[in-house]
Novice: 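Encoded as structure tokens, here's the structure I'll be asking about.
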Amino acid sequence: YSETKILEHNGKQNFVILYPSQTPGLFNLAASYNINDIDFEVYDTADKRIVVAAEVVSEEKMILDLTELPKGIYYVSMKTPEGVTANTQKITLK
């Protein structure tokens, strides 16, 4: 599991999280920000950037689809609208 970091912006606690950490390929990316303003990048263990499909399901949530990727370990880096890295999380495709 990866550490969750809470950021404060204008006195309000904000978050960007990815869950669950292990699935066959669908992950939820949730944020207290508008989800369209969150930047994310997926990398494999060789630090190669991977392009993945993402579906916005609400203002605060999107689903990342990694089902087409080989099983293994990947990393997802998530940035706030201000460009601050909020979290880099290790995920496992089973």
Side-chain angles (χ1 to χ4, degrees):
Y1 297 98
S2 297
E3 176 185 3
T4 301
K5 295 181 182 177
I6 297 176
L7 306 172
E8 290 207 23
H9 179 69
N10 295 332
K12 176 183 171 190
Q13 288 188 342
N14 292 308
F15 64 89
V16 180
I17 58 171
L18 185 71
Y19 65 93
S21 61
Q22 299 181 18
T23 77
L26 295 177
F27 295 87
N28 298 295
L29 177 60
S32 58
Y33 303 93
N34 184 317
I35 202 69
N36 292 310
D37 295 334
I38 301 299
D39 288 327
F40 70 91
E41 294 179 332
V42 179
Y43 296 91
D44 64 13
T45 54
D47 207 29
K48 178 183 172 191
R49 186 168 183 248
I50 309 291
V51 176
V52 298
E55 176 187 356
V56 174
V57 293
S58 74
E59 283 188 10
E60 297 177 337
K61 182 179 172 184
M62 74 171 60
I63 297 174
L64 305 183
D65 185 354
L66 282 69
T67 55
E68 298 297 318
L69 297 177
K71 294 179 183 178
I73 295 172
Y74 296 87
Y75 297 90
V76 180
S77 176
M78 297 159 277
K79 293 184 180 181
T80 67
E82 296 83 16
V84 175
T85 300
N87 197 0
T88 298
Q89 189 166 335
K90 175 181 162 182
I91 57 175
T92 304
L93 295 181
K94 292 182 169 186

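The chain is numbered in sequence order, starting from 1.
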Novice: I'd like to know whether CD of E59 has more than 12 heavy-atom contacts from other residues, nucleotides or ligands below 6.0 angstrom.
Specialist: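 Result for CD/E59: open.
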
Novice: For M62, which of N28, I38, L29 qualifies under side chain to side chain contact (heavy atoms under 4.5 Å, CB included)?
Specialist: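 It is L29, the one option of N28, I38, L29 that forms the side chain to side chain contact (heavy atoms under 4.5 Å, CB included) with M62.
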
Novice: Write down the atom of P81, the atom of Y33, and the distance for their closest heavy-atom approach.
Specialist: CD-CD2, 3.4 Å

Novice: Just verifying a value: how many Å separate E55 CD and L64 CG, rounded to the nearest 0.5 Å?
Specialist: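 Nearest 0.5 Å value for the CD-CG distance: 10.5 Å.
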
Novice: Counting N and O atoms only, with roles assigned by atom type, does the side chain of T67 sit under 3.5 Å from a partner on the main chain of G25, one being a donor and the other an acceptor?
Specialist: no

Novice: For residues V76 and F40, report the shortest heavy-atom separation together with the two atoms involved.
Specialist: CG1-CB, 4.4 Å

Novice: In this structure, would Y75 and L18 fall into the same cluster of hydrophobic residues linked by side-chain contacts under 4.5 Å?
Specialist: no

Novice: Quick one: pull up CG in L93 and CD in E68 and give me the separation to the nearest 0.5 Å.
Specialist: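 Going from CG on L93 over to CD on E68, the span is 11.0 Å.
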
Novice: Would V52 and Y43 show up in the same hydrophobic cluster when neighbours are defined by side-chain heavy atoms closer than 4.5 Å?
Specialist: no

Novice: With clusters defined by side-chain heavy atoms of hydrophobic residues (ILVMFWY) lying less than 4.5 Å apart, directly or transitively, does V57 cluster with M78?
Specialist: no

Novice: Mind listing the closest non-hydrogen atom pair of A86 and T80 along with its distance?
Specialist: CB-CG2, 3.8 Å

Novice: Would you check if K90 and I73 make a side-chain contact, meaning some heavy-atom pair closer than 4.5 Å?
Specialist: yes

Novice: Same hydrophobic cluster for Y19 and L26, using side-chain heavy-atom links shorter than 4.5 Å among ILVMFWY?
Specialist: no

Novice: If you look at every heavy atom in N36 and N34, which pair is closest and at what distance?
Specialist: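 Nearest heavy atoms, N36 then N34: N-OD1, 2.9 Å.
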
Novice: One pair to check against side chain to side chain contact (heavy atoms under 4.5 Å, CB included): E60 and I35. What are the steps and the verdict?
Specialist: CA-CA 5 Å; E60 297 177 337; I35 202 69; 5.7 Å; no

Novice: Could you tell me if the side chain of L66 sits less than 4.5 Å from the side chain of I91, heavy atoms only?
Specialist: yes

